[in-house]
Amino acid sequence: MENEQRWELRLYVAGSTPKSVLALKNITRYCEENLEGRYSIEVIDLLKTPQLAEGDQIVAIPTLIRKVPIPIRKIIGDLSDEEKVLVGLNIRPMPLKNKP
Amino acid sequence: MYSFPILYMQEISSLAKVSTGIEGLDEVTGGGFPEGRPILICGSAGCGKTLFGIQFLVKGILEQNEPGVFVSFDETAADLTANTSSLGFDLDKLSGEGKLRVDYIRIERSEIEETGEYDLEGLFIRLNYAIEAIGAKRIVLDTLESLFSGMENEGLLRAEIRRLFKWLKDKGITTIITGERGVNTLTRQGLEEYISDCVILLDFRVVDQIATRRLRIVKYRGSTHGTNEYPFLIDENGVSVIPITSLKLDYGTSSELISTGLKPLDALFKKGGFYEGSSTLITGTAGTAKTILAGYFALGSCLRNERVLIFSFEEAPEQTIRNLLTIGIDLRPYIESNLLQIHASRPTLYGLEMHLLNVNKLLTEFNPKTVIVDPISSLVSVGSPVEVKAMLVRLIDTLKTRRINALFTCLMSHTGIAAGDQGTIEAVSSLADNWLFLENGLVSGKRQRSLLIVKSRGMEHYNDSVNFTISSAGINFAASSIPTKSNSAHGK
């Protein structure tokens with residue numbers, strides 16, 4: 001049943017800075033490894049849509065938000081620490097044998 | 001003569017300044033805050049930092065037509081609007097007009113995980129968006145240090161805050177940053193290190209159970225500024241700083257004469273009364289008719305159709321009026337027509353500064369021509385002799401600057417002048433232009449009231465003491481005492 005849970009993530013960036021690019025690369029990899037087919041990542045570039053910063057109370061860039069499942073979680077930084085990100089998003093890592 | 005700290009400075013530098021919107025603060029800062037630069041306002045909790053910021057923006061909009069952004073890290077926009085409405089600020093209205101933007105930035109440590117590198121570009125974007133949306137010229141960040149409680153990477157935050165200040169400076173936005181007072185530093189996170197232009201410290205102190213708010217300019221680069229601690233007030237009109245020490249000794253003097261309110265007393269002065277705008281001191285022990293003479297003075301002013309303001313520190317207004325009525329001085333019609341106002345308060349109700357601020361406010365609001373303080377000696381109980389003296393000097397100076405006819409009564413103890421009062425009497429008497437000394441003597445078991453003119457600057461006056469009695473008809477000078485052509489003994 002739990003496997004049916006979808007994950008909706010949102011990544012706030014400000015242009016293509018190295019930190020933002022790295023964050024997107026990292027989260028995509030973690031999701032592919034652990035949530036294959038059950039996730040979506042929406043990237044919001046605040047340089048293009050600055051008005052969206054208020055809604056999710058964005059201060060730091062990059063910021064990753066877990067919209068679903070609730071409660072909303074927030075992780076800031078380039079997401080380089082996989083374990084911390086997975087714990088933060090409450091994603092249970094897939095068993096090792098499934099990893100490529 | 002007394003010399004006063006003259007702080008009303010001429011601006012030497014070409015530093016552009018903007019009005020602070022806070023009454024009195026422009027004078028103290030020599031013209032206002034530095035335009036387009038960051039200003040740090042720090043102080044302990046509840047000292048009025050947020051209010052300073054709000055007023056800076058609201059007055060900027062209303063008086064300078066400069067739109068402003070208020071960024072709150074502590075309170076929601078709704079809370080802020082509610083909290084400041086009692087001060088007469090309608091934030092909703094200004095927001096509706098597109099002149100003000102209140103942005104609430106919430107940073108909750110428990111909701112945020114940190115991993116890897118990040119920056120505060122999100123904050124910059126939000127600020128930029130808010131600034132651009134209304135064309136803001138002013139911004140308040142209240143309290144920026146909340147960032148430190150929301151995020152772990154202190155080094156990064158410091159670097160980003162430094163970048164933020166530079167960015168705001170480059171944009172030419174006049175910015176107020178508020179900060180909570182730290183243990184050994186002005187702000188908890190040492191923000192003062194990053195703001196070199198203007199730092200103001202607010203203080204809320206309770207001494208002898210009397211609370212006073214004070215303000216001090218810690219630094220102001222490129223500008224002269226007042227160095228004293230200035231008391232400030234928060235009331236229904238917002239924040240006001242009264243730069244009491246910034247008075248100059250350049251008030252105009254008048255040769256016009258006014259009546260003392262008592263004809264026989266007028267006759268003791270060669271020109272027939274006091275000079276207009278002069279200050280008069282009446283001293284005497286208890287029961288020597290000081291308040292009665294003050295009553296005549298008030299009545300005289302009312303009869304000239306000039307506004308009178310009485311500060312009573314011993315009696316309730318009704319009592320003063322009733323008592324004066326028994327000797328034929330009827331002030332009631334003038335109270336009704338609002339030509340006369342009596343403000344009664346216990347001296348210990350507030351600190352000296354508050355008394356002075358109240359006086360100043362009333363002077364501005366009521367604009368009296370005559371001010372009576374009865375008795376000035378009551379204020380001695382409120383502070384140390386040094387403070388009281390300084391305050392009285394300021395008070396008299398304020399009144400002189402406004403060319404107000406001032407009259408102070410001063411109670412002396414039966415043994416002469418009480419030790420603590422000595423300095424006070426000296427301070428007042430040397431500043432006062434006229435000094436009347438009242439005495440109750442005993443002549444063969446009978447009370448003998450007498451009045452002596454100790455001095456009257458710039459005017460000849462009767463030199464001897466004059467006996468008088470008090471009846472339901474008022475003060476009667478003894479016939480033998482009244483100067484006539486034959487016994488007149490005018491002298492300087």
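The sequence lines fix the lettering, A, B, ..., with proteins before strands; numbering per chain opens at 1.
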Engineer: Would you say B/Glu108 has more than 12 foreign heavy atoms packed within less than 6.0 Å of its CD?
Structural biologist: yes

Engineer: Any idea which of A/Pro18, A/Ala60, A/Gly15, A/Ser20 has the most non-hydrogen atom pairs under 4.5 angstrom with chain B?
Structural biologist: A/Ala60

Engineer: More than 12 foreign heavy atoms under 6.0 Å from CD of B/Glu63: is that the case here?
Structural biologist: yes

Engineer: What do the steps show when you test B/Tyr104 against A/Glu54 for side-chain contact (heavy atoms from CB on, under 4.5 Å), and what is the final call?
Structural biologist: CA-CA 9 Å; B/Tyr104 170 50; A/Glu54 200 176 338; over 6 Å; no

Engineer: Measure the spacing between CD1 of A/Ile58 and CG of B/Leu123 and express it to the nearest 0.5 Å.
Structural biologist: 11.5 Å

Engineer: Test A/Val59 against B/Met151 for side-chain contact (heavy atoms from CB on, under 4.5 Å), laying out the working first.
Structural biologist: CA-CA 10 Å; A/Val59 171; B/Met151 293 178 217; 3.8 Å; yes

Engineer: What distance do B/Glu114 atom CD and A/Lys84 atom NZ have between them, rounded to the nearest 0.5 Å?
Structural biologist: 6.5 Å

Engineer: Without hydrogens or angle criteria, can the side chains of B/Arg126 and A/Gln51 be said to hold a donor-acceptor pair below 3.5 Å?
Structural biologist: no

Engineer: For B/Leu147, which atoms come within 4.5 Å of any heavy atom of chain A: side chain, backbone, both, or neither?
Structural biologist: side chain

Engineer: Side chain, backbone, both or neither: which part of B/Ile107 has a heavy atom under 4.5 Å from chain A?
Structural biologist: side chain

Engineer: Under 4.5 Å from any heavy atom of chain A, what part of B/Asp103 do you find: side chain, backbone, both or neither?
Structural biologist: side chain

Engineer: Is it the backbone or the side chain of B/Phe124 that comes under 4.5 Å from a heavy atom of chain A, or both, or neither?
Structural biologist: neither

Engineer: Taking all heavy atoms of A/Leu46 and all of B/Gly122, pick out the closest pair and write down the distance.
Structural biologist: CD1-CA, 4.4 Å

Engineer: Chain B: which of A/Thr63, A/Leu22, A/Ile72, A/Asp81 shares the most heavy-atom pairs with it under 4.5 Å?
Structural biologist: A/Asp81

Engineer: State whether the side chain of A/Lys74 and the backbone N or O of B/Glu113 hold a donor-acceptor pair below 3.5 Å, judged by distance alone.
Structural biologist: no

Engineer: Contact part of A/Leu47 toward chain B, heavy-atom cut-off under 4.5 Å: side chain, backbone, both or neither?
Structural biologist: both

Engineer: Do other residues, nucleotides or ligands put more than 12 heavy atoms under 6.0 Å from the NZ atom of A/Lys67?
Structural biologist: yes

Engineer: So which atom in B/Gly116 and which in A/Asp78 form the shortest heavy-atom distance, rounded to 0.1 Å?
Structural biologist: CA-OD1, 3.1 Å

Engineer: For the pair B/Glu117 (side chain) and A/Lys19 (backbone), establish whether a donor and an acceptor sit closer than 3.5 Å, ignoring hydrogens and angles.
Structural biologist: no

Engineer: Pick one: which of A/Leu64, A/Ile76, A/Leu79 meets side chain to side chain contact (heavy atoms under 4.5 Å, CB included) with B/Thr115?
Structural biologist: A/Leu79

